[in-house]
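All remarks here apply to the structure that follows.
We count ligands from 1, going down the list as the structure has it; atoms in each ligand are counted the same way.
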Amino acid sequence: MAINLDSDVHRRVAVLDLTHLKRDFIAQDEFISIPDFLPPSILNEVLTASENTTELIHRNYIPRHKKGGSVSRYDIDCAAPVIAGLYRTPTLRHFLGGICGRELNLCPPNDPHTYALYYYTEPGDHIGYHYDTSYYQGARYTVLIGLLSAPSCQLEYQLHTKNSAHAITQASIELAPGQLVLFNGDKLYHRISPLAENERRVALTFEYLTNTRMHPFLHFVSNMKDSIAYFGFRQVFSGAKNPPADT
Ligand SMILES: [Fe+2]
C-alpha cells in the first residue's frame, strides 16, 4: 500500500504536545528525544528502502575515533528515495522548527550529509565524542532516527558542555526503531559506544539549517571531513555533479 509521508507525519505530530517538547528542548540545552516518533507505515517503508543501500555502504576507520559505515545522500537519492522524501516533508520540517523555535531550511544539494544512513555492522564499530559542528553561517540541527538498534551501541551524550553557568549532565539512549532525537550540533557532545559481537545497528540522520550560506574555505573543510570520516572522496567530490533540485 502506498504511503503519504506528509499526512502520516501530520497524524503523528498532531498528538504530540509541542509546548511540552519545546520546554524540554530548551531545558536540555537544545536536545530532545521522542520515542516511537516514526509511524510504523513510514518506518517499514524506510527499512525496506534501506536494504537497497547495503551494497553502497562506505566503511571507514579513523584510529581511536571512528569505525563504521555510511551511505551519503547521493546514493540515497538513487537507491532509497523515500528517505529523501521524508527529509523534505513540510510537516516534519515545520514540526522540528516549532520545537527549535526557529525556521529550519533544507541543506544545499551539494551537502552529502543532508540525509545519510549510518551502519554499525562489525564488532567495535563506534564513533568517539564529538560535536556535529556547523560549517554554515547558521546553526545546524541534527535529527537521528533509529532503524535497527543494538543494546551495546548507545548514544551517549553530555548536555550544557558550553554553558559555564550549568552543571554538565550525562545520559545515554539506545535509539530504538522509530525513536527520534533532535539537537543543536554545536551544543550536544556525543558519541556512539562500540558494537558488540552478533549485533547490528542502523540509524538515519537528517540535517537542517537556520542559514544555508557557507564560506568557500569552510565548504572545503566540511568536504574533507565528510570524505575522510564518512563517505569517501569519490562520493563527496563527484556525487553532487547532478544532484536533484531541492525545493
Ligand atoms: Fe554526531
Any chance the side chains of T54 and Y119 put a donor and an acceptor closer than 3.5 Å? no
Distance-only donor-acceptor hits, side chain of residues 215-228, under 3.5 Å, sequence neighbours excluded:
| residue | atom | partner | partner atom | Å |
| --- | --- | --- | --- | --- |
| H215 | ND1 | F217 | N | 2.9 |
| D226 | OD1 | H113 | ND1 | 2.8 |
| S227 | OG | N223 | O | 2.8 |

Do the non-hydrogen side-chain atoms of E207 and T142 ever get within less than 4.5 Å of each other? no
Can D125 and R59 be counted as an ion pair, charged N to O under 4.0 angstrom? yes
Passes side-chain hydrogen bond (donor to acceptor under 3.5 Å, both in side chains), N60 versus K66? Steps please. CA-CA 8 Å; N60 44 51; K66 183 177 189 292; 2.9 Å; yes
I'd like to know if R73 and D77 make a salt bridge, using a cut-off of under 4.0 Å between side-chain N and carboxylate O. yes
Which protein atoms of type N, O or S are found under 2.8 Å from the Fe ion (ligand 1)? H130 NE2, D132 OD1, H190 NE2
